[in-house]
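Predicted model only: the values in this text are computed from it and were never measured.
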Amino acid sequence: SKATVSVLYWHTPLHCLRMTTRLAVVRKTTEQRRGCLQYPTLIEDSKSARRLGRFVKQARNTKGNKKHVTKSFEEAMKTVRMGPDTYQTAIEFYSQAQSSKAQSVFNKMRQSGYKATREHWTSLLKAYKNERDLEGALSCLKQMEHAGHAPDGHVYALLLSVAKRDANLLRKITNVMRSNGVELNMRHHNTILSSFTLLADVEQYLVKHRLFPDTVTYTIMARHVGNSGMLPLRDAMARRNIVPTIQWYEAAFTAMCKEPVAVFTELEALYIAMRQDKVPLTACVYSLYIRGASHSTNSVILTVMESLFSEALVQHRDCELLYDAMLCHYAALRNRGAARRLRSKLTYAGLEPSHRFLELYSG
């Protein structure tokens with residue numbers, strides 16, 4: 001501190017003057033310290049990018065409204081020095097929901113004199129991909145090629161993902177890839193497979209191109225399998241030594257709950273299998289399992305779901321999906337008293353009820 005340095009400097013014998021001189025070099029006055037605290041500290045570009053990177057991860061893990069994450073990110077941007085790495089992180093952040101904002105940051109970077117690299121162009125293209133803006137993606141691709149960056153396999157994968165609803169455009173993109181010498185890998189094939197709506201079409205495509213399904217392929221297949229075929233599909237994965245992932249189980253529970261009447265025994269068997277595979281239970285899986293069990297009017301199942309709801313709140317405290325799922329269960333049983341208690345619990349937790357929650361509660 002300044003006081004310690006001053007005491008050492010003025011009240012030290014002459015034979016210790018060399019040591020106190022070194023301390024005096026790094027000394028800062030109180031006025032300088034106060035001045036520094038009044039303004040945000042500008043840090044280097046690489047450190048700024050790492051600092052802002054945590055908001056990108058937070059936005060990816062946040063489902064639904066991301067306004068609070070965006071507000072925190074924009075406040076953090078005011079405290080950093082913008083450079084190529086920081087602009088890259090900013091474009092990556094806005095690419096998840098706001099393509100116009102990502103394009104604005106990209107233009108600001110070029111106006112500041114920084115040259116856009118392949119990574120910048122890819123992040124911008126990802127913004128159009130996430131918003132399914134095909135025209136914007138194709139325009140971005142033309143500008144990228146004009147800037148001297150030839151599209152690679154990753155760029156073509158993004159284009160396929162944007163155009164997967166248009167079979168003719170998918171065919172054109174794959175033909176362009178082959179003409180440019182870019183081989184289709186399993187990621188490209190999975191992007192094309194995700195555009196299919198029937199399981200038979202997926203299986204026919206795999207046989208036609210002589211492909212062996214991987215984890216992503218099985219996740220796509222799980223979206224089209226009914227209640228009775230989900231566990232056999234998991235057994236087929238086990239025969240290929242493929243361990244189901246969180247994404248596979250979320251897709252499986254989602255597909256099973258889309259059935260007109262979700263069979264609780266099959267949901268329970270899938271839940272037990274997930275426990276056996278030691279896959280972490282996400283809030284999405286908890287909510288789908290609880291909501292799927294709402295078709296059963298058994299009081300024992302209600303008790304099990306209430307204990308499961310309490311267990312889920314311990315791991316995912318501020319998740320509105322869990323409250324929606326539990327209220328869906330109470331609404332099916334016409335249990336108004338339990339619904340009122342759940343609403344009070346939601347308010348006590350400091351959470352705002354979702355539109356789904358309010359619709360069920362008023363009904």
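- Rounding to the nearest 0.5 Å places CG of L169 at 6.5 Å from CG of L138.
- The ring of Y286 has its center no closer than 6.0 angstrom to the ring center of F309.
- L322 CG to L308 CG: the interatomic distance, rounded to the nearest 0.5 Å, is 9.0 Å.
- Atom NE2 of H316 and atom CG of L321 lie 10.5 Å apart (nearest 0.5 Å).
- Minimum interatomic distance between R291 and C328 (heavy atoms only, all atoms of both residues): CG-SG, 3.9 Å.
- Summarising the geometry of W248 relative to M237, their closest heavy-atom pair is NE1-SD, 3.4 Å, with the distance given to 0.1 Å.
- Using a 4.5 Å cut-off on side-chain heavy atoms (C-beta onward), R234 and D277 make contact.
- L124 and I91 get closest at one heavy-atom pair: N-CG2, 3.8 Å.
- The shortest distance between side-chain heavy atoms of R341 and K345 does not fall below 4.5 Å.
- Distance check, rounded to the nearest 0.5 Å: OG1 of T191 to CE of M186 gives 10.0 Å.
- Under the 3.5 Å distance criterion, with hydrogens and angles disregarded, no donor-acceptor pair is assigned to the side chains of R187 and N190.
- How far CG of L184 is from CG of L160: 7.0 Å, rounded to the nearest 0.5 Å.
- Remark: E311 engages R275 in a salt bridge, criterion side-chain N to carboxylate O under 4.0 Å.
- In terms of heavy atoms, A222 sits closest to M230 at O-CE, 3.5 Å.
- For Q204, the CD atom counts as loosely surrounded, since its 6.0 Å shell holds 12 or fewer non-hydrogen atoms of other residues, nucleotides or ligands.
- Between the side chains of D214 and T217, at least one donor N or O sits under 3.5 Å from an acceptor N or O.
- In this model, a donor atom of one side chain and an acceptor atom of the other lie less than 3.5 Å apart for E306 and Y330.
- Judged purely by distance below 3.5 Å, without hydrogens or angles, the side chains of T117 and H120 pair a donor atom with an acceptor atom.
- Other residues, nucleotides and ligands contribute over 12 non-hydrogen atoms within 6.0 Å of the NE2 atom of H209.
- Note that the CD atom of E250 and the CZ atom of R223 stand 10.5 Å from one another [nearest 0.5 Å].
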